[in-house]
Amino acid sequence: MLAQENFLVRKTMKRTIFMCINLVLADPYPVMLEGLTHVFENTPDFAVKACVTNGDAAMKALLEHEPHILVMDLSLSQKSGLAVLEEIRAQNLKTHPVVFTGAPIGEVMRALDLDVPGLVSKEKSKQVLIRCIKSVHQGGQWLDRDLTVKTMSLLLEQKKKNEHASHLLTPREMTVARMVTEGWPNKKIASKLFISEGTAKLHLHHIYQKLNCPGRMSLQRYMQSNGLV
């Protein structure tokens, strides 16, 4: 009987250890970080190993504590959230990142490109975040439906704008527009394309007219925001 009881105790202990999900929390806003810490310290099966406010500290915490899950905002300083995701992948760390963010859709789109396994909007409840973390911890993927729908809509919109620009500009004009976006002056563009500086300026004039851009800065913003670089 005693042996059986000891077996049950060991089995229970193993299950408890397995179920405990170790977390590192990273958010640039102390109030949000304090709120998240309170939530997980008072929720069964979670253990908060570190709370940090920037990307550099997040990476140090990951290497020190090797948590199961990193709950992070994308809007981190010193090392951005996207840079942290890239480093986790580059170092092949075992920690699974869960993005809990209110960042712009463009950044969310880049996080999806990095195959982030968990994504939750800060507009969602703590219960949704907890379900996401548990799903990711079990090897699943949890992507906020609202954020992914917005991301897909943005991708479709950008695709339409790209097609629109590619129809409006000639191949040579597209080349000039990309070189301008990269910061090339007219003289260097002319030299690279074996044309006169006057011809380069004429191409640029036509580009401004076709894309309704009043100047170089406006053209750069247009090209960057529409993924044409």
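Just the heavy atoms: all of them, side chains too, but no hydrogens, waters or symmetry mates, feed the values below. The residues of the chain are indexed from 1 along the displayed sequence.
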Practice task
Show your working on side chain to side chain contact (heavy atoms under 4.5 Å, CB included) between K201 and E197 and close with a plain yes or no.
Solution key: CA-CA 6 Å; K201 290 179 179 178; E197 189 173 351; 3.8 Å; yes

Problem - Inter-residue atom distance M223.CE - E182.CD, 0.5 Å rounding - result: 9.0 Å

Problem - For the student: nearest non-hydrogen atoms of C20 and F46, plus distance - result: SG-C, 4.3 Å

Exercise for the section: Would you check if H137 and V98 make a side-chain contact, meaning some heavy-atom pair closer than 4.5 Å? Expected result: no

Practice task
Search all heavy atoms of V99 against all heavy atoms of T101 and return the closest pair with its distance.
Solution key: CG1-CG2, 3.4 Å

Handout entry: Spacing of T175 atom OG1 and H203 atom NE2 [to the nearest 0.5 Å]
Key = 9.5 Å

Exercise for the section: Say whether, by atom type as modelled, one donor and one acceptor occur between the side chain of S77 and the main chain of N54 under 3.5 angstrom. Expected result: no

Problem - Trace of the side chain to side chain contact (heavy atoms under 4.5 Å, CB included) decision for V120 with I133 - result: CA-CA 10 Å; V120 181; I133 292 171; over 6 Å; no

Practice task
Indicate yes or no for a side-chain donor-acceptor contact from T37 to the backbone of L33 under 3.5 Å, with no hydrogens or angles considered.
Solution key: yes

Practice task
Any chance you could measure H38, atom NE2, to N42, atom CG, to the nearest 0.5 Å?
Solution key: 4.5 Å

Handout entry: Spatial distance of atom CZ (R89) from atom CG (L114) [nearest 0.5 Å]
Key = 5.5 Å

Practice task
Using modelled atom types only, decide if a donor and an acceptor are shared between the side chain of E66 and the backbone of T95 within a distance under 3.5 Å.
Solution key: no

Exercise for the section: Kindly say whether M32 contributes a backbone atom to a donor-acceptor pair with the side chain of D27 at under 3.5 angstrom? Expected result: no

Problem - E34, CD: over 12 other non-hydrogen atoms inside 6.0 angstrom - result: no

Fill in the blank from the handout: In this structure, CD of Q141 is separated from SG of C132 (nearest 0.5 Å) by 9.5 Å

Practice task
Flag the pair L129 / L36 as yes when at least one side-chain heavy-atom distance between them is below 4.5 Å, and no otherwise.
Solution key: yes

Fill in the blank from the handout: Taken to the nearest 0.5 Å, the spacing of Y29 OH from T53 OG1 works out to 11.5 Å

Handout entry: Whether over 12 other heavy atoms sit under 6.0 Å from K79 NZ
Key = yes

Handout entry: Closest non-hydrogen atom pair between E173 and L168, with its separation
Key = OE1-O, 4.1 Å

Problem - Nearest heavy atoms of P28 and L76, plus distance in Å - result: CD-CD2, 3.7 Å

Problem - P214 versus N212, closest heavy-atom pair with distance - result: CD-O, 3.9 Å

Exercise for the section: Answer yes or no: is there a side-chain heavy-atom contact under 4.5 Å between P67 and L62? Expected result: yes

Exercise for the section: State yes or no: do L85 and L63 share one hydrophobic cluster built from I, L, V, M, F, W and Y residues joined by side-chain heavy-atom distances below 4.5 Å, directly or via other members? Expected result: yes

Handout entry: Audit row: I195, R172, side chain to side chain contact (heavy atoms under 4.5 Å, CB included) steps and yes/no
Key = CA-CA 11 Å; I195 58 177; R172 176 52 60 92; 3.6 Å; yes

Exercise for the section: Indicate if V52 and M72 have the same hydrophobic cluster label, given that clusters are the connected sets of ILVMFWY residues with side-chain heavy-atom separations under 4.5 angstrom. Expected result: no

Completion exercise
Shortest non-hydrogen pair, L70 vs A26, comes out as CD1-CB, 4.1 Å

Problem - Side chain to side chain, L193 and M179, heavy atoms closer than 4.5 Å - result: yes

Practice task
Look at the side chain of T181 and the backbone N and O of A177, then say whether any donor-acceptor pair between them is shorter than 3.5 Å.
Solution key: yes

Practice task
Could you check if a side-chain atom of N22 sits within less than 4.5 angstrom of a side-chain atom of H65, using non-hydrogen atoms only?
Solution key: no

Problem - Path from V71 to I21 over hydrophobic side-chain contacts below 4.5 Å - result: yes

Practice task
Check for a donor-acceptor pair, side chain of R110 on one end and backbone N or O of L82 on the other, with a separation under 3.5 Å.
Solution key: no

Problem - Heavy-atom check, side chain of L204 versus side chain of I189, under 4.5 Å - result: no

